[in-house]
Amino acid sequence: MNSGDTVRHKLMPLVKSGKVPYTRRVYYAEKEKAERLDTVDRELELIEENLKKNDIDIPENGDSGESQPDCAVQMKGKGKKTKIFKTIKYPFQYYDIIFAVFSIILFFYDVVSDVLLAVHYYALNRWVAFGFTTGFIVLPALISNGQSARWYLVDYEQEQKKLSKKPKTEVTPFRIWALRIFFTFPLMLGPVVRHSEFIYHGIKSKSGSDATEKERKKKWHHYKQMLYEDTDAGLVRMFECFLEAAPQLVLQLFILFREIIENGVDGNNDLVEHGHMKIIRVVALVGSWIGLSFSLTSYHKALRAMQHSELHEKYVSKEDQNENHKPKKQSLLATLMLTIGYFSWRMCEIGPRVLILALFASKFTYFVLVAAAIHWIIMTLWLLCQKTSFYGEKRRDEVIFNIILGYAMIFCFLNARDGHTRYRAIVYYILFYAENIFMLGMWLHFGSEKEDWLYFTAIGAVAGGCVLHIVIQLIYYKTCHPKASDIKIFLHPTEQYNCYQSICHTLDQDEDQSSAANAI
């Protein structure tokens, strides 16, 4: 940071950290809490009044050492010697449109390929396969789109509350709300609607001028809405994929392996009699695998932007108003490397997992449900021990969300809170790969096709996927992660209770002081 700059992290009225909350529902919870306490707003008003009254710079709190923010919306102050800049990280870039459109294409690709597969089973009178395939299409769509519609209703109620307090407030027209609900629930296009609104708000946040304060506030409004829609779209699509694509992968691989075991690769089965349907099954499997991995990548990208989007104010003297204060855009190459690295990591993690679940099911059928249920219960209890705070003080919603995350963690690791992740990841992956090895060993021991190509392919795919997953994940954290340079290779497990806080929960101030006293 140049000399002459003074920086203040302006506390957003509802978020003490200055970070934009990752979803509007968190924002609403924080808002209700802030309205009860009514302390943050008073402090901000006093600061602003003192600034306007004295027309002076704010004393510097120290350079944070962070890089120049990526985007700035200029806010001119009334004083002659200052300019205020609202700066935001991860601004909307036009390649984000390509990313969102690709997500929409994958959504339709996944749904259409699964529907064609269900039609194939129906035509062959394979009622069990048809029932399960159709169930894994319809039920996840109802749940994920119902959740998205519920969020729209919550957002609408919040807008109406705001309108009742401030009658002149601009609100979304009722016809827009009606179209959102219509396309989300009856038509089951929730992720498409969310991604479309993300593109709309993103373009609006980039277009227009900063000539007037009204236009600048409007751009900032569209920027926040863009972040919210991106995160909501990623979350809805990720839930839909874990409810639909993940079990669909296991189911179709299970059916395929059972056919191979019973009839052989070239035996008398419908894949040989209907060769074109064999292609459709492969297309459906690949589409579900890619769609699930990309949904995780999309949500990770949105969450990273949301968590690192802070509102700063820069008070810059006229002498220092130069080119250095212009925003720096995020490198396209860096974004591509980060996206490809994370996507590859997730593909190598999910692929072997669903493969081994399907192999285990092909030999032990319903016992795979017992193994999955045990893992689900363990993950849910672990998440409850971590004291996550997705819904603030709404404990019931928090528990339900932890149960959903626990189910998703049957297939891959999800980081549910801030702080050091490595010990949490180590514990998860020890259990994860212990289960994989156990299920693979059971399948190999009780399998009768010891010399069949499937025997060696399964061993190679699971073992190779495990190695690739670990290697790609380590490379990602050391080269592609946004804070790769700050990541320490060795982290002392007992220093500041790093291991405990990573695996369980962050210590409160009272707990930290009590632990320190006991240690002494």
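For clarity, every value in this text was computed on a predicted model and none was experimentally measured.
- Taking the side chain as every heavy atom from C-beta outward, Ile280 and His120 never approach each other to under 4.5 Å.
- Shown here for Phe343 and Ser293, the closest heavy-atom pair between the two residues is CE1-CB, 3.5 Å.
- For Tyr94, the OH atom is densely surrounded, since the number of other residues' heavy atoms within 6.0 Å is greater than 12.
- Counted by atom type alone, Ser148 and Arg194 present one or more donor-acceptor pairs between their side chains at under 3.5 Å.
- One finds the CD atom of Glu349 at 13.0 Å from the CG atom of Leu468 (value rounded to the nearest 0.5 Å).
- For the atom pair OG1 of Thr339 and CZ of Phe102, the computed distance is 11.5 Å after rounding to the nearest 0.5 Å.
- With a 4.5 Å cut-off on side-chain heavy atoms, Met439 and Leu359 do not count as touching.
- Side-chain contact between Val192 and Phe108 is present, with heavy atoms from C-beta onward closer than 4.5 Å.
- The side-chain tip of Arg424 does not point at the ring of Phe413 from less than 6.0 angstrom away and within 45° of straight on.
- With a 4.5 Å cut-off on side-chain heavy atoms, Val111 and Glu244 do not count as touching.
- Ring pair Trp345/Tyr476 is tilted by interplanar angle, where 30° to 60° counts as tilted.
- For the pair Ile356 and Phe438, the minimum side-chain heavy-atom distance is 4.5 Å or more.
- Here the side chain of Asn145 pairs a donor or acceptor atom with the backbone of Gly190 at under 3.5 angstrom.
- In this structure, the side chain of Tyr109 engages the main chain of Val283 through a donor-acceptor pair within 3.5 Å.
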Intermediate values then yes/no, salt bridge (charged side-chain N to carboxylate O under 4.0 Å, His left out), Glu229 and Lys224: CA-CA 9 Å; Glu229 291 299 340; Lys224 288 194 295 183; over 6 Å; no
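- Taking both residues in full, the closest heavy atoms of Gly406 and Trp376 are given as C-CD1, 3.4 Å, listed atom of the first, atom of the second, then distance.
- Looking at Ser295, its side chain does come within 3.5 Å of a backbone N or O of Leu292 through a donor-acceptor pair.
- Among all heavy-atom pairs drawn from Val250 and Phe411, the shortest one is CG2-CE2, 4.2 Å.
- Within a 6.0 Å sphere centred on CZ of Phe364, heavy atoms belonging to other residues, nucleotides or ligands number more than 12.
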List, one per line, each side-chain donor-acceptor pair under 3.5 Å for residues 130-142, sequence neighbours excluded.
residue: Thr133; atom: OG1; partner: Ala129; partner atom: O; Å: 2.7
residue: Thr133; atom: OG1; partner: Gln252; partner atom: NE2; Å: 3.1
residue: Thr134; atom: OG1; partner: Phe130; partner atom: O; Å: 2.7

Stepwise side-chain contact (heavy atoms from CB on, under 4.5 Å) check, Ile255 with Arg258: CA-CA 5 Å; Ile255 294 173; Arg258 292 291 294 184; 5.8 Å; no
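- Considering all non-hydrogen atoms of both residues, Pro352 and Gly465 come closest at CG-CA, 3.6 Å.
- In this structure, Leu383 CG and Leu414 CG are separated by 8.5 Å, a value rounded to the nearest 0.5 Å.
- For Phe92 and Phe198, the ring centers are positioned less than 6.0 Å apart.
- Residues Phe294 and Phe99 place their aromatic rings such that the two centres sit under 6.0 Å apart.
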Test log, rule side-chain contact (heavy atoms from CB on, under 4.5 Å), inputs Ile203 and Met226: CA-CA 9 Å; Ile203 293 174; Met226 178 268 292; over 6 Å; no
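- Ion pairing between Glu197 and Lys204 fails under the 4.0 Å rule for side-chain N and carboxylate O.
- A distance of 10.5 Å separates CG of Leu444 from NZ of Lys363, quoted to the nearest 0.5 Å.
- Aromatic ring centroids of His469 and Tyr429 lie under 6.0 Å apart.
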Stepwise side-chain contact (heavy atoms from CB on, under 4.5 Å) check, Trp382 with Leu405: CA-CA 11 Å; Trp382 187 26; Leu405 282 183; over 6 Å; no
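- Using modelled atom types, one finds a donor on one side chain and an acceptor on the other under 3.5 Å when comparing Ser288 with Asp110.
- Note: Met379 CE to His375 NE2 = 4.5 Å, rounded to the nearest 0.5 Å.
- Ile104 approaches Ser196 most closely through the heavy-atom pair CD1-OG, 4.4 Å.
- The shortest non-hydrogen separation linking Leu117 to Ala284 is CD2-CB, 4.0 Å.
- Proximity of the aromatic rings of Trp443 and Phe360 is defined here by a centroid distance below 6.0 angstrom, and this criterion is not met.
- Of the possible donor and acceptor atoms, none in the side chain of Arg346 sits under 3.5 Å from a partner among the backbone N and O of Ile290.
- For the pair Arg353 and Val462, the minimum side-chain heavy-atom distance is 4.5 Å or more.
- Proximity of Thr184 to Leu189: side-chain heavy atoms (C-beta onward) are nowhere separated by under 4.5 Å.
- In this structure, Asn436 and Leu440 have side chains that are not in contact, with every pair of non-hydrogen atoms separated by 4.5 Å or more.
- Note: Phe401 and Phe239 meet the aromatic proximity criterion, with ring centroids under 6.0 Å apart.
- If you look at Trp127 and Tyr122, their ring centroids are closer than 6.0 Å.
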Stepwise side-chain contact (heavy atoms from CB on, under 4.5 Å) test for Tyr152 and Val193: CA-CA 11 Å; Tyr152 277 135; Val193 176; 3.4 Å; yes
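- Atom CD1 of Ile403 and atom CD1 of Ile377 lie 10.5 Å apart (nearest 0.5 Å).
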